[in-house]
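Worksheet: the structure to be examined is printed underneath.
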Amino acid sequence: MNEFYERVYAIVRKIPRGKVSTYGDIAEMVGSKGSARMVGYAMNHAHGLSPAVPAHRVVNRNGVLTGKHHFGMPTLMQQLLENEGHVILHDQIQDFEKVRWKPRK
DNA sequence: TCACTGACGGGGC
DNA sequence: CGCCCCGCCAGTG
């Protein structure tokens with residue numbers, strides 16, 4: 001597996017329960033700013049790994065669950081997030097800025 | 001080898 | 001505020 005993927009997975013695994021992050025932020029954190037699409041692509045291949053990669057905690061910059069169709073059931077991603085205390089309305093995380101994970105600073 | 005495709009994001013109009 | 005275009009770069013046919 002690529003170093004790029006490994007780094008993306010390492011970051012995503014650090015997202016604490018109850019928090020979420022965005023593709024763009026993660027791309028920047030792995031040192032490949034602007035490559036948010038690659039992060040999404042990496043998530044697409046992140047299933048079945050161990051330790052597990054909480055891909056459901058990664059949404060787009062608007063807090064919208066754009067990747068829900070890749071969890072088998074279209075409702076799974078939303079349910080996982082709700083289990084962690086989030087409120088989702090119309091595929092969008094409510095109070096997104098409040099639960100957005102921002103390491104350091 | 002070339003062309004196209006994305007779980008995206010930002011800028012221009 | 002909405003729509004369109006372009007850069008990002010690994011995979012795939």
Side-chain angles (χ1 to χ4, degrees):
Chain A
M1 196 62 84
N2 289 334
E3 185 125 341
F4 176 79
Y5 278 34
E6 289 303 327
R7 246 180 287 181
V8 170
Y9 298 150
I11 295 292
V12 176
R13 283 195 271 249
K14 286 180 183 174
I15 302 175
R17 183 182 160 77
K19 290 286 184 177
V20 295
S21 191
T22 72
Y23 301 99
D25 285 350
I26 292 172
E28 190 170 353
M29 284 186 260
V30 300
S32 189
K33 184 179 181 182
S35 300
R37 310 182 71 153
M38 297 304 99
V39 176
Y41 203 87
M43 290 304 97
N44 198 14
H45 295 286
H47 53 71
L49 297 180
S50 67
V53 177
H56 60 281
R57 290 178 192 156
V58 183
V59 296
N60 76 355
R61 60 160 171 171
N62 299 130
V64 177
L65 283 53
T66 50
K68 57 182 288 187
H69 295 299
H70 294 268
F71 284 78
M73 290 291 288
T75 57
L76 182 58
M77 185 177 186
Q78 176 172 340
Q79 293 188 357
L80 288 172
L81 288 169
E82 290 177 334
N83 284 341
E84 300 184 352
H86 297 294
V87 179
I88 288 94
L89 198 58
H90 304 319
D91 294 338
Q92 181 175 44
I93 298 180
Q94 302 301 294
D95 296 317
F96 177 56
E97 289 303 324
K98 293 181 183 176
V99 297
R100 188 171 178 175
W101 182 56
K102 294 174 185 173
R104 77 171 62 224
K105 182 160 187 213

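In what follows, chains carry the letters A, B, and so on, assigned in the order in which the sequence lines appear, proteins first and then strands, with residues in each chain numbered from 1.
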Can you list, pair by pair, the side-chain donor-acceptor contacts under 3.5 Å of residues 29-39 of chain A, counting residues two or more places apart and other chains?
| from | atom 1 | to | atom 2 | distance (Å) |
| --- | --- | --- | --- | --- |
| S32(A) | OG | S35(A) | OG | 3.1 |
| S35(A) | OG | S32(A) | O | 3.4 |

Rounded to the Å, how far apart are L81(A) CG and dA7(B) P? 18 Å
Distances for protein N/O vs nucleotides 1-3 of chain B N/O pairs under 3.5 angstrom?
none

Could you list the residues that satisfy side chain to side chain donor-acceptor pair (under 3.5 Å) with H70(A), not counting sequence neighbours? N44(A)
Length of the line joining N44(A):CG and dA7(B):P, which is rounded to integer Å: 7 Å
Rounding to an integer number of Å, can you tell me how far N62(A) CG sits from dA7(B) P? 16 Å
What is the distance from CZ of F4(A) to P of dA7(B), rounded to the nearest Å? 15 Å
E82(A): partners by salt bridge (charged side-chain N to carboxylate O under 4.0 Å, His left out), with sequence neighbours left out: none
Please give, in whole Å, the distance from dA7(B) P to N60(A) CG? 12 Å
I need the T22(A) OG1 to E28(A) CD distance, nearest 0.5 Å. 9.0 Å
dist L65(A):CG -> L76(A):CG (nearest 0.5 Å) comes out at 10.5 Å
Scan the side chains in residues 10-18 of chain A for donor-acceptor partners under 3.5 Å anywhere in the protein, sequence neighbours excluded, and list what turns up.
| from | atom 1 | to | atom 2 | distance (Å) |
| --- | --- | --- | --- | --- |
| R13(A) | NH1 | P51(A) | O | 2.7 |
| R17(A) | NH2 | N83(A) | O | 3.2 |

Please give the distance between the P atoms of dC5(C) and dC4(B) as a whole number of Å. 15 Å
Please list residues of residues 15-41 of chain A whose heavy atoms come under 4.0 Å from any atom in DNA chain C, ordered by number; otherwise none. G34(A), S35(A), R37(A), M38(A), Y41(A)
Mind checking salt bridge (charged side-chain N to carboxylate O under 4.0 Å, His left out) for R100(A) and listing every partner two or more places apart, or none if nothing turns up? D25(A), E97(A)
Mind checking salt bridge (charged side-chain N to carboxylate O under 4.0 Å, His left out) for K19(A) and listing every partner two or more places apart, or none if nothing turns up? none
Which pairs with one or both residues in residues 23-44 of chain A pass ring-ring contact (aromatic ring centres under 6.0 Å, His included), sequence neighbours excluded? Y41(A)-H45(A)
Summary of salt bridge (Lys or Arg N to Asp or Glu O under 4.0 Å) pairs that have at least one residue in residues 58-69 of chain A, sequence neighbours excluded: K68(A)-D91(A)
With sequence neighbours excluded, what pairs up with N62(A) under the side chain to side chain donor-acceptor pair (under 3.5 Å) test? none
Under 3.5 Å, which N/O atoms of the protein pair with N/O atoms of nucleotides 10-13 of chain B?
| from | atom 1 | to | atom 2 | distance (Å) |
| --- | --- | --- | --- | --- |
| dG10(B) | OP2 | R61(A) | NH1 | 3.2 |

In whole Å, what is the span from the CD atom of E3(A) to the P atom of dA10(C)? 13 Å
